[in-house]
Each structure stands twice: as C-alpha cells, then as structure tokens.
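Each remark here refers to the structure printed beneath this line.
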Amino acid sequence: MNIQRNQWLVSRRHLLRGLGAVVALPWLQCMCPSSARAATRPAAPKRSVFLYIPNGVNTLTWQIQQAGADYQFPEPLQSLERHRARVTPISGLHHPKAIGSVHSCEHVWLTGDRCGNGEKPFRSSLSADQVIAEVQGADTRFSSLELAVTGTALGWNRDGTNLPAERNPQVIFDRLFGVEKDSKEVIRKRLERRGSILDVVSDDAKAMTRKVGAEDRTKLDEYLTSLRELELRTERAKSWIETPKPKLDPTVAAHLQRKVEMSQAGEYYRLFYDLMAFALQTDSTRVISCMIGSEGAGLSIPEIGLVWGRHELSHHNGETERLRRLTEADTFLIEQFAYFLDRLNGMQELEGSLLDQTQILWGSGMSYGHGHGNANLPLLLAGGKALGFKHGKHVDFNLPTIGQYNLTEPLEHYRICTRPVDDAAR
C-alpha cells in the first residue's frame, strides 16, 4: 500500500455501506488525503428542518418588545432562554394572501405562493425544502422526509403536487431503521416489477392524454405526476438495496418505538422530535419538514388541562379565558421545540453539535388566527452556527413604524397582524 499516493483512502459512504452505520460515523482521518489533511477536512453535511404550527399564536403575549441583542423573551418563549445564543426570533414578515381559501397558509409556507382561490385539488409551486433536497439529498437514503403530527405535508414538488406525509411514528422508525422482512433479491425483483408496471401505465396514460378534453387532460397530468414521483422513489430504493440501514443501540431503538397515544400530546411531540434527531444524526436524510398540526386539526393538550384543539383556541373572539389558554398552548409548543434543540445540541460531531450543522425554521403562516391575519408572522430561526448563522438578536421588520402603535391595546396590536408595517418585509 502506497500511503503517499493515498491508495488507502476510504470514503465515508464506503464505510457506511461496509459497516452498516452504527448510528453515524464521525469524520475520520482516513477520509482526507494526507496532503490536505492539515489544511482541509471533508465538508460536514448541511441539514435543514422546517416545523409548522397551525393558526398563529396569541400575539398579545407573544410579541417581543425590544429589537437587537437586549430583548426579553415573553412568557411563551421563555424556555428558549437557554438557547438564546442559538436562536433568532423574527418579527414583521408577512405573506401577501390572495382571496379564497384562508386556511391554506400551511400549504404555501415554504413556497411563497398564493394561498389559493378555492380550486381543488390545490396546486402550488416548488417548496424551499425540496429546493434544498435537490442539492443536499443526493447522498442520503432519503432526499427528504415529510412528516406530520396531523395534517398534510409542507413540501411541494416541481409539478406543484403536495408530497405525501407520514404520520405514524412506528412506520417512520421502520423506514429509517427497521429490518427488512424480505431478502435483497426479493426486494430488487419487487422494485423491478413495480418499475415495469409503471412504465406500461405511464405509456398508456400519455397515449390517452392526446385523445381527451382539457378537463380530463388536467386530471391525467396530475396522475402522471404521481407516477413520476413513484418512479423516482422506486429507482432510489433500488440504488440503496445493498446499503444496510443504520443500526441503533437497542436502548435507543426501544425509546424510538415506545407506544405513545396522541392524547399524550407532549410525549407524542417529543417522539417525533426524537425520530427527527436520529434521522439527521445517522445521515439518513438532511432535509426534514414536519407539520406540527394542520390549521383545521391541531392537537388538544390534556396534560395541561387543555381540551380545545388549536383551531378552536385561535378563534377566540377576544375571550379572555381562551386567550389565556392559547398562551398556555403556545408556551407548551415552544417547550417541545426547546426539547428538540436540546436533543440536537447534545449530539456532537467533528465540527460541533448536530444543532450547529442544522438550520431550523419554526413558525406559522398565520399570526392572528381569529382574523386569519398573515402579517407579523411568528418565526424562529435556530441552529446553523457552522453554516454561518449568528444568533442572539431579535430581528424586527416592524421598526421603526411600530412605535406609532399602542401594543397594550388589542385592536392596535392585531392591526399589525393583518396589515404589514413594512410592505416589503415578505
């Protein structure tokens, strides 16, 4: 073996394939040529996570009053104090909403598209997570993961179709870490058979497209889009047949497969966050989007005595009791988010923590749920220190105009949630 010629070099992917990946391999000396080792290291994976909460927040208790570094976390955000150096709260951004389906802000949160005009099925444009997945997802088993506690996925492909979201924690675990019941040869034959069937069906659909009217052609186009997505997933699955899934410590695997009912909201959220953390740490994917709850079906939180779902709470009509409980729900959701940041920050890599290598956007497409206001959106950017992010400040696009509003008055406060203070801050 000629060390000077670097014939001994081993790629990280080769090690992952050969060893079966016990959690995730660290960056090793043998992955970098001797001539460059002192000066350079292989680029660490760049990761992105997008987390959506439905129906906005109680803006009366959420709003941060100070810009810059000397801001104070309000009541709902206080559990983020320990992550102050890793979080940037953002105020004043808005989404110009079109007339029509006011409850579709979740569908366009990552696209910047219009909220829709009531058409069914609703179509959007390419979402930010999928733009990133096209670049960062080439080297992972899953180019992206689309998850949802309730509701549909946040991601949209280039054909304007909403990607399917997985909502069952056990199914998520099995996809990431589960042992295949069938042999590699059986799986390969099944995928090849599926590919052959897709080819025939696709050819038939394309031939029919030339013979039907405009309305039927639209439906066939949507059908062909679904077929193309399935073809891509099939080809990707075939390319990873020979690569073992990551092997987890039995204690970790048991923890990720714990049985949790949706009625145990906090534990249920944390299970999703645990699965996301280990999906990133094992480099199974580098892009995750998760719908924490749809705008029509957010979870109730019985452990804090909250029987209302988030939609019911957000449509409070100014009722003092519901506003108080909405603040409690906001606080609870932020506590679960802080748990996720704790998780990622505790997972160490060569260049720092997993949190340092991961950019996370948490927020909503609404600010004031009762009035469906979509200005002054509640947004939090976290992590990504190794990606160049510098945190510790409240970025407020409401300034300086917000000084003319008396934010102790609900009607004045809600006004900045329905009409942007800065129309260019979008």
Below 4.5 Å, heavy atoms only, C-beta onward: do [X] and [Y] meet side chain to side chain?
X: Phe332; Y: Glu303; value: yes
X: Gln63; Y: Asn398; value: yes
X: Gln130; Y: Leu163; value: yes
X: Leu77; Y: Trp62; value: yes
X: Leu354; Y: Asn345; value: no
X: Leu333; Y: Val57; value: no
X: Lys247; Y: Phe177; value: no
X: Leu381; Y: Val87; value: no

For the [atom1] atom of [X] and the [atom2] atom of [Y], what is their distance to the nearest 0.5 Å?
X: Ile288; Y: Tyr273; atom1: CD1; atom2: OH; result: 11.5 Å
X: Ile53; Y: Met366; atom1: CD1; atom2: CE; result: 11.0 Å
X: Cys290; Y: Leu154; atom1: SG; atom2: CG; result: 7.5 Å
X: Glu166; Y: Leu275; atom1: CD; atom2: CG; result: 10.5 Å
X: Leu80; Y: Trp362; atom1: CG; atom2: CH2; result: 8.5 Å
X: Leu387; Y: Thr358; atom1: CG; atom2: OG1; result: 7.5 Å

For [Y], is there any backbone N or O sitting under 3.5 Å from a side-chain donor or acceptor partner on [X]?
X: Gln66; Y: Gln72; answer: yes
X: Arg141; Y: Pro244; answer: yes
X: Asn157; Y: Thr161; answer: yes
X: Asn376; Y: Gly92; answer: yes
X: Thr140; Y: Gly137; answer: yes
X: Lys393; Y: Asp70; answer: no
X: Thr285; Y: Phe142; answer: yes

Problem - salt bridge (charged side-chain N to carboxylate O under 4.0 Å, His left out) contacts in which one or both residues fall within residues 338-347, not counting sequence neighbours - result: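 Those involving residues 338-347 are Arg82-Asp342, Asp274-Arg343.
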
Which residues pass the side-chain hydrogen bond (donor to acceptor under 3.5 Å, both in side chains) test with [X], not counting sequence neighbours?
X: Tyr52; answer: Glu295
X: Ser300; answer: none
X: Gln136; answer: none
X: Gln357; answer: none

Have [X] and [Y] got a donor and an acceptor in their side chains that come within less than 3.5 Å?
X: His394; Y: Ser91; value: yes
X: Glu75; Y: Thr327; value: no
X: Ser48; Y: Gln359; value: yes

For [X], what residues pass the side-chain contact (heavy atoms from CB on, under 4.5 Å) criterion, not counting sequence neighbours?
X: Val131; answer: Leu126
X: Ala375; answer: His94, Pro420
X: Gln264; answer: Val260, Glu261, Glu267

What closest approach, in Å, do [X] and [Y] show between heavy atoms, and which atom pair accounts for it?
X: Asp129; Y: Ser289; value: OD2-OG, 3.7 Å
X: Gly383; Y: His391; value: O-NE2, 2.6 Å
X: Leu361; Y: Trp109; value: O-CH2, 3.7 Å
X: Ser367; Y: Thr59; value: O-CG2, 3.4 Å
X: Leu341; Y: Ala382; value: CD2-CB, 4.0 Å
X: Met291; Y: Thr152; value: CE-O, 3.1 Å

Residues in salt bridge (Lys or Arg N to Asp or Glu O under 4.0 Å) with [X], at least two apart?
X: Arg167; result: none
X: Glu335; result: none
X: Asp330; result: Arg310
X: Glu81; result: Arg84

Exercise for the section: Please say whether more than 12 non-hydrogen atoms of neighbouring residues, nucleotides or ligands are located less than 6.0 Å from CZ in Arg258. Expected result: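 Counting other residues, nucleotides and ligands, CZ of Arg258 exceeds 12 neighbours.
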
Practice task
Could you please spell out the steps behind the side-chain contact (heavy atoms from CB on, under 4.5 Å) verdict for Tyr339 and Ile334?
Solution key: CA-CA 9 Å; Tyr339 169 85; Ile334 288 294; over 6 Å; no

Practice task
Give the C-alpha distance, both sets of side-chain angles, the deciding distance and a yes or no for side-chain contact (heavy atoms from CB on, under 4.5 Å) between Asn58 and Arg324.
Solution key: CA-CA 8 Å; Asn58 181 2; Arg324 183 180 70 82; over 6 Å; no

Exercise for the section: Kindly indicate, with the supporting measurements, whether the criterion side-chain contact (heavy atoms from CB on, under 4.5 Å) is fulfilled by Lys385 and Lys390. Expected result: CA-CA 6 Å; Lys385 178 182 176 182; Lys390 296 180 180 179; over 6 Å; no

Exercise for the section: Just say parallel, tilted or perpendicular for the rings of Phe337 and Phe340, cut-offs at 30° and 60°. Expected result: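 Geometry flag for Phe340 against Phe337: tilted rings.
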
Practice task
Applying side chain to side chain donor-acceptor pair (under 3.5 Å), run through Gln281 and Gln348 and close with a yes or a no.
Solution key: CA-CA 9 Å; Gln281 190 192 41; Gln348 294 300 308; over 6 Å; no

Practice task
Test ring pair (Phe, Tyr, Trp, His ring centres under 6.0 Å) on Tyr268 and Phe272 and set out the steps.
Solution key: CA-CA 7 Å; Tyr268 200 70; Phe272 269 81; 5.4 Å; yes

Handout entry: SB check Arg47 Glu349 (cutoff 4.0 Å)
Key =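 Judged by the 4.0 Å cut-off on N to carboxylate O distance, Arg47 and Glu349 do form a salt bridge.
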
Exercise for the section: Could you check Phe397 against Val421 for side-chain contact (heavy atoms from CB on, under 4.5 Å), going step by step and ending with a plain yes or no? Expected result: CA-CA 8 Å; Phe397 291 96; Val421 172; over 6 Å; no

